[in-house]
Amino acid sequence: MSLLAQLTVNGLIAGAIYALVAAGFSLIYSTNKFMHFAHGISVVVGAYILYSLFSLIGIPFYLACILTLIFSSLFGLGTYRLMYLPLQNKKASNVVLLIASIGVLILFQNVIQLIFGPDVKSVGYIKVARGLNVFGAIITPLQIVIILISITLFVLLYLFMKKSKLGRDMRAVSDNKELASIMGINHKRIADYSFIIGSFLAGVAGILIGLEQNLNPTMGTILIIKGFTGAVIGGVGFIPGAVLGSFLLGLAENFSIWFLPSGYKDAIAFVLLFIFLLLKPTGLFGINKDVKK
Amino acid sequence: MIWPYLTHLLILIGIYVILTVSLNLALGYTGLLNLGHVAFFGIGAYTSALLTKAGVPFLLAFIIAGIFASIFGYLLVLATRKLKGDYLALATLGFSFVIYSLMLNWTGLTRGPLGIPGIEKPSFFGLTISSTYSYLIFVAVICILSVFVIYRIVKSPFGRLLEATRDDEMGLRVLGKNTFKLKYKAMMISAFFAGIAGSLFAHYITYIDPSYFTIPEIILLLSIVIVGGIASIKGSIVSTFVILLIPEALRFLALSSSILGPARQVIYAMILLGILLLRPRGIFGRVDLE
Amino acid sequence: MRNLIISVLLIGIFLIVGCVQQPAAETTEESVEVVEAEVIKVGFMGPLSGDAASYGESIKRGVDLAMKEMGLDNVELVVEDSKCEGKEAVTAINKLISLDGVVAIVGEVCSGATLAAAPIANENNVPMVSPSSTSPKVSEQGEYTFRTVPSDALQGDFGANLAYDRGYRKLAVLYTNEEYGLGFNNVLTESFAALGGEVVASETFERGAVDIRTQLTKTKDAEPDVIYIISNSPDSTVAALQQMTELGIEAAIFGSEGQKSPAILEGAGESAEGMVVTAVSSGTSGFIERHQAEYGEAPGPFAAQGYDAFKAIGLAVEQGATTGEEIKNALFGSDFDGASGHIVFDENGDVSGNYDVFEVQNGEFVLTS
């Protein structure tokens, strides 16, 4: 095994997982301009729904996946309609929404523990086996799928934001809400869509992460921190950038640990975040006008 | 025999009042969206603990803890002076994570995850504060002094300049004010009080490790300030009592022990969300950020 | 709309309280009854929410079982959640001592929280019996701190000898980056080196981390013949085991006592096959059977130690001890066969280290020595 190849592959796997979380988070941020940290729990809810449907009830896997995606989208829409929208209607500032999103995260994390208990759960669809040898590095088929899906997401999101009517409307709202409503774009409708699509992506992340890692109620916090860091590195309001930033984060963590003690692994992400913000406050691919709000 | 328990809670509340009122000075009054306040708290705690372990008298260590945190406050503003709004929030959050990793991994200095046990109780002028009751008096004195000082600051012309920085930085610049100078002064004062709060905390708990100074703590501090209201000292004080006492009140809820842990958390989150929905600007909030 | 949501939140709160009022009401009645018989309150504190909650649950089962079996009708258990955080533990112990008036406590679970709470136990003369805090520093916490689990100073040494005796010479350690992991790692690597072995890699991870590939890749590159996992998070252990399989790491795997958990067998499946766990006793066969009968599951980590911690206190109460000081004195005289073995506390409140060696065979922990 070549160490370099393996570290690259490890970085890609980690990055792809971060990207799955970052994509939805960033999409929601870009149109709504607040930090939806509860996105982390949307992912976990997705994973637990898959676990209940497939592992507990025994619904066929692909059907269970489709249902998971639907539930996740509804869950995201629900958080928006029932929590954020009423707050926004009362002119709550974005910091209040941030605290509310953390409240939602704590709430559902513990609801999940009440229902499923604190133990590790495993979906058990894929048997753990020694991975394939690709250019001297070892990787499992599922991990290849995860990386491919992340890359596909990157392309699709890019096309969606550039080409589709809805994507262009979203960008318009993201750039300037007032101007967008003058142009006849209903920003509440756009916000609905951003939560539906963003949480759909959380469902995708929940399924894949649920298969790759195991499930426990507290996993959402770690996931959202990493996804969020990836998103920031790539430019928080620019979705394809969030995906690239996540890959960059995964690779940076892995290569730095090559020569640093592994206790610094999590710190690398934050040192990187800090440096990026100082040198390039809009993230690698960000658009400049966001800073001077 | 409810008193020892209440004394303990009041000591914690006193420490958190210093923390949140000082955070409100930077976040609420100056508009610096600082998510790194907990780092100053940690720096203060570690500085004071390590110095007294090395034989430095408590009072000196206590002051140095504040000054040291204050220096970091200056550096943070210096490094992030080009950032605003969410991006400033992210950078300060990053800063607090970096400080946390240093506490965790710089084992030569901080003993890393092993933490620092046996931090002595404060003693000065020949008297040692050993009982919790006397510690409460000590904390109360420091707390009242700190709140008084911060209150005077925000009511002074300097305080009004800070609020003007928050509301219209460009306008202030046009008037020829150096807003950078205002910001770092506010942050240094804010960090100083967080640092001495850290010292009070370390010498009270007597055992600290890095896990005290990370995300849950950031969330707690931020929730208190937001629930209390931006730019309201009264709000932060009231909110400290409310937010710290809710989980304590929940202890008296007769919950079956098999679900007690998560059920309390669920109720706590619901109450927090309920308060936000009822008073989206905080209990005594008068201004909005952004 | 907003009012609707607030009402929903309120209803939710009432529902939760309502749902659990039933068992709670029973306890209150009980306590009313036993007030006449001079009720003695014993506290339990440990993580019941957050990422260490599974340990708290497992230990509490042991405590509940001991309480049920001893049938002490003048003893009431007061449970507090500490989330394994120092500050929470200090608040919890203050509440237990001053408000509930407990005379003894089973807990804390995590070493860091025990160290934070111990000074308060000492000040108030309330003995604390930890079922699971293995940090060597717990020994130095004064005469009111006891534990029914041996110090890591012993287990690290035991593990080093076991690995060396089995012919392994190149050791890699993978430990959780906190009090427990670092303390254990220090003893383990020192002892292994003193025996003449070589420590080729020493990597850490955060509690709950599930991406351990980088650390494992580095470990694999160092070519150890044995890897020792020191973890108190089943999530991380499961992830590490699976990723070892994926990466094709063929070194032998050893695990510290926290690894002897059904959650790990369930989560890691075949990846756990062949893992050797040096564990404090998970209970005598009688205890395991009774636990199985009560809960329908084998005991989780430290359930037996939790049982013994309560039993030690319970026996002291049976002998007539009613105050913290009397219980402390009685604990120093403890001498009984508990669920985890023979319990005698030394002058530091420690028990001697008896370790079992288990090996995972066909998805089960099999006792090998």
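When reading the values below, keep in mind they use all heavy atoms of this one structure, side chains included, and skip hydrogens, waters and symmetry mates. Below, chain A is the first sequence line, B the second, and so on; all start at residue 1. This one's a predicted model, so the numbers in the text were calculated from it and none came from an experiment.
Residue C:Glu57 holds its CD atom at 7.0 Å from CD of A:Gln113, rounded to the nearest 0.5 Å. In this structure, the separation between OG1 on C:Thr217 and CG on A:Asn10 is 3.5 Å, given to the nearest 0.5 Å.
A 6.0 Å sphere centred on CD of C:Gln292 holds more than 12 heavy atoms belonging to other residues, nucleotides or ligands. By the 6.0 Å contact criterion, CD on C:Glu273 is enclosed, its count of non-hydrogen atoms from other residues, nucleotides or ligands being greater than 12. Within a 6.0 Å radius of CD in C:Glu294, other residues, nucleotides and ligands contribute more than 12 heavy atoms. Atom CD of C:Glu359 is surrounded by more than 12 heavy atoms from other residues, nucleotides or ligands within 6.0 Å.
For the pair C:Leu247/A:Gln6, a side-chain contact is recorded, criterion being any heavy-atom separation below 4.5 Å from C-beta on. Using a 4.5 Å heavy-atom threshold, the side chains of C:Arg213 and A:Ile13 count as touching. Within the 4.5 Å cutoff, side-chain heavy atoms of A:Ile138 are placed close to those of C:Lys220. Within the 4.5 Å cutoff, no side-chain heavy atoms of A:Gln213 are placed close to those of C:Gln243.
With a threshold of 4.5 angstrom between heavy atoms, C:Glu246 approaches chain A through its backbone and through its side chain. Contact annotation for C:Thr245: both backbone and side-chain heavy atoms come within less than 4.5 Å of a heavy atom of chain A. The part of A:Asn110 that comes within reach of chain C is its side chain, from C-beta onward, which places non-hydrogen atoms under 4.5 angstrom from that chain.
Heavy-atom pairs under 4.5 Å with chain A peak, among C:Thr204, C:Leu241, C:Ile249, at C:Thr204. The choice from C:Gly267, C:Gly248, C:Ala263 that makes the most heavy-atom pairs within less than 4.5 Å of chain A is C:Gly248. When each of A:Gly117, A:Ala14, A:Pro217, A:Pro118 is scored by its heavy-atom pairs under 4.5 Å with chain C, the top score falls to A:Pro118.
Closest heavy-atom contact between A:Glu212 and C:Gln242: O-OE1, 4.1 Å.
The residue from A:Asp119, A:Ile222, A:Leu215, A:Asn216 that alone fulfils the side chain to side chain contact (heavy atoms under 4.5 Å, CB included) condition with C:Asp235 is A:Asn216.
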